[in-house]
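The structure under discussion appears below in the form of structure tokens.
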Amino acid sequence: MDKKKVVVALGGNALGKNLPEQMKAVTEAVKPIADLIEEGHEVVISHGNGPQVGMISEAMMLLTRSNPEKYVPCPLSVCTAMSQGYIGYDLQNMLREELANRGITMDVASCLTQVEVDPNDPAFDNPTKPIGAFLTKEEADSLVESRGYTVVEDAGRGYRRVVASPKPKAIVEINTIKALSDTGHVVIAAGGGGIPVFHTEKNHLKGAAAVIDKDFASELLAELLDADYLIILTAVEKAAINFGKPDQKWLDDLSVDEAKKYIDEGQFAKGSMLPKVEAAVKFASSKPGRVALITLLEKAKDGINGKTGTRIHA
Ligand code: ADP
Ligand code: MG
């Protein structure tokens, strides 16, 4: 098929849940991406960071607990930046190595990416995403008091901080990402949905206590790069209707209108498949010819060649 510009969004299962798992998982995850590059496609990679940012924020919380005089809690935006750094570190090295093993010499670079969100986004009135360690009642009360956290009781297991999940508005480093990609480099960007920031006075950016859905951030990245394809790689080969029920039906090809109808029927679970299908619909509607694909990590090449996955188009 023709050479395409592709944004590949890697789901959490491609990264494992801890450091040794990540090293192993990423060794495999880069293979289907290398397949796309080997076929001549121009690839930009984004990825999730749920377990990773959870781990970092828990670690930073334990540090604070160990000596509250010395260590103040680490802002969530900084935790996200750290997760982009160490996930990008593994991804860029493993991909560079995989490409080199195939005789392809290419630079692979991670770009710490900030994503602007709107302080008036309704998500900030209703924080829903639990992150980090379980807290005691005393710790929770103290963080509500001292830092204005929103904390919820989580199913009898303790208290947890919840943050908002606003929609991405703009990608601060988009010109850098574009410049690298246009000159033939593979870029890893908008990891974990990007580091959420507010635009404040003049040109100042301020970290926001939020988590942006990586499916929506990847969609925005694909639009801004004028990509032909948005490929969302996850733990299922296709999206389904009546998912998990006896009359489950895998979906191969969906028009935007069909996809919207299934969204309205509640066919896709919130927080997992729904954001993917919503992102796919947004991308496929954004310009004629743009196609979104949801499939299994290992099937990326078959997917782009039309052999599998759920394909969403105008
Ligand atoms: P990722 O880490 O890749 O973002 P998620 O776990 O968030 O993955 O979302 C993918 C999961 O969504 C699948 O593994 C599947 O269990 C679940 N899912 C929910 N509804 C559906 C559906 N209608 N069709 C297919 N998968 C679904
Ligand atoms: Mg997800």
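Here, residue 1 is the first one in the sequence, and each next residue gets the next number. Order of listing sets the numbers, starting from 1, for every ligand and every atom in it.
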Test side chain to side chain contact (heavy atoms under 4.5 Å, CB included) applied to Lys167 and Val117, Asp118, Asp121, the passing residue: Asp121
With Glu42, the side chain to side chain contact (heavy atoms under 4.5 Å, CB included) member among Asp182, Leu36, Val6: Asp182
Per-atom contacts, ligand 1 versus [X] - under 4.0 Å to a heavy atom:
| X | answer |
| --- | --- |
| Ala235 | 14 (O) |
| Gln267 | 23 (N) |
| Gly271 | 7 (O) |

Note, Lys287 side chain near Asp226 side chain (heavy atom, < 4.5 Å): yes
Close side-chain approach of Val277 to Tyr262, heavy-atom, < 4.5 Å: no
Any Ala239 heavy atom less than 4.0 Å to ligand 1: yes
Within-shell test, Gly244 vs ligand 1, heavy atom, strictly < 4.0 Å: no
What is the nearest protein non-hydrogen atom to [atom], stated with its residue, atom name and distance?
| atom | answer |
| --- | --- |
| atom 3 (O) of ligand 1 | Thr234 OG1, 2.7 Å |
| atom 17 (C) of ligand 1 | Ser272 OG, 3.8 Å |
| atom 18 (N) of ligand 1 | Phe243 CE2, 3.6 Å |
| atom 23 (N) of ligand 1 | Ala240 O, 2.7 Å |

Hydrophobic cluster membership, Leu230 vs Leu221, 4.5 Å side-chain cutoff: yes
Has [X] got a side-chain atom pairing as donor or acceptor with [Y]'s backbone, closer than 3.5 angstrom?
| X | Y | answer |
| --- | --- | --- |
| Glu21 | Lys17 | yes |
| Ser142 | Glu138 | no |
| Gln92 | Ser110 | yes |

Would [X] count as a polar contact of ligand 1, with the cut-off being nitrogen or oxygen pairs under 3.5 Å?
| X | value |
| --- | --- |
| Gly12 | yes |
| Lys276 | yes |
| Lys238 | no |

